[in-house]
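Inspection log for the structure reproduced underneath, given as structure tokens.
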Amino acid sequence: MKFFICILALQQLYVLSVAQDHFDFFYFVVQWPGAYCDSRHSCCYPKTGKPAADFGIHGLWPNYKTGGWPQNCNPDSTFDELRVSDLMSNLQREWPTLSCPSNDGVHFWTHEWEKHGTCAESELDQHDYFEAGLKLKQKANLLHALTNAGIKPDDKFYEIKDIERAIKEAIGFAPGIECNKDSSHNSQLYQIYLCVDTSASNFINCPVMPHGRCDSRVQFPKF
């Protein structure tokens, strides 16, 4: 009897591990630093200095078509700086953190890997995961797409539909947009969600859009 109980327990663990490794697509999420700083009580520049006035990577998040997502899939897989040492300068530039107190970003990348990256290990190891995020940022080139459409981070207000159209024309697929409210209750462009296939290589139509609340006109704040 004990033998069969052990077999059943092992089967349940196997099913759980398979379920954790399975996902349907990624959200690739970038964040506008000006909006982050406007929406927080404080923001702090990284120890490397003020980031460029460009979208910074927030994360590459495995998701299900049903709208849910896996997380913290492998507690034994911890973030290792040595495994991404060749990417470090690019991570500092393209995947920065504005959290306080000022820091080197390692805590942020650790969180992103352990919560989200470990759920994509069936497709990407740790180095590939962070490299994929950097390549997607370059491929999307969202600030260029917006400025080409006359949408600039100049504190002016723009139609949300024009922002969505400019991004769709640039990458071929509709984005998800998340906005915040600053201290004056202005709706601001905050985060952009792009959907990516499970290889983290190609943009795709979003199986499910994130629930972002935006006014019809939003501010693109300076940074």
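Computation of the quantities below employed the complete heavy-atom set of this structure, encompassing side-chain atoms and omitting hydrogens, waters and symmetry-equivalent molecules. Along the sequence shown, residues carry numbers from 1.
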- [ ] Using a 4.5 Å cut-off on heavy atoms from C-beta on, say whether the side chain of Y36 contacts that of S99.
- [x] yes
Task: Qualifying residues under side-chain contact (heavy atoms from CB on, under 4.5 Å), relative to A166, sequence neighbours excluded - done: L146, A149, I151
TODO: For the residue pair F130 and W95, categorise the inter-ring angle as parallel (less than 30°), tilted (30 to 60°) or perpendicular (more than 60°).
DONE: tilted
Task: Side-chain donor/acceptor of Y129 to backbone N/O of H116, under 3.5 Å - done: no
Task: Separation of SG atoms, C73 and C119, below 2.5 Å - done: yes
Task: Pair Q126-D80, side-chain donor/acceptor within less than 3.5 Å - done: no
Task: Residue among P46, S42, C44 satisfying side-chain contact (heavy atoms from CB on, under 4.5 Å) with L98 - done: P46
Open item on the list: Strictly by salt bridge (Lys or Arg N to Asp or Glu O under 4.0 Å), give each pair with a member in residues 107-119 just once, sequence neighbours left out.
Closed with: none
TODO: Examine distances only and state if a side-chain atom of N180 and a backbone atom of A35 form a donor-acceptor pair shorter than 3.5 Å.
DONE: yes
Open item on the list: Is there a side-chain contact between L87 and W109 in this structure, where contact means two heavy atoms from C-beta onward sitting under 4.5 Å apart?
Closed with: no
Open item on the list: In the structure I gave you, are the side-chain heavy atoms of H22 and T198 within less than 4.5 Å of one another anywhere?
Closed with: no
- [ ] Measure the acute angle between the ring planes of H58 and F108, then classify it against the limits of 30° and 60° as parallel, tilted or perpendicular.
- [x] tilted
Open item on the list: I need the full list of salt bridge (Lys or Arg N to Asp or Glu O under 4.0 Å) pairs touching residues 196-220, with sequence neighbours left out, sorted by first then second residue.
Closed with: E159-R217, K181-D215
Task: Closest non-hydrogen atom pair, E178 against Y193 - done: OE1-OH, 3.0 Å
- [ ] Could you state whether W61 and Y190 fall into the same hydrophobic cluster, counting links through intermediate Ile, Leu, Val, Met, Phe, Trp or Tyr residues with side-chain heavy atoms under 4.5 angstrom apart?
- [x] no
- [ ] Without swapping roles, check the side chain of N103 against the backbone of P101 for a donor-acceptor pair under 3.5 Å.
- [x] yes
Task: pair Y45-P51: side-chain heavy atoms closer than 4.5 Å - done: yes
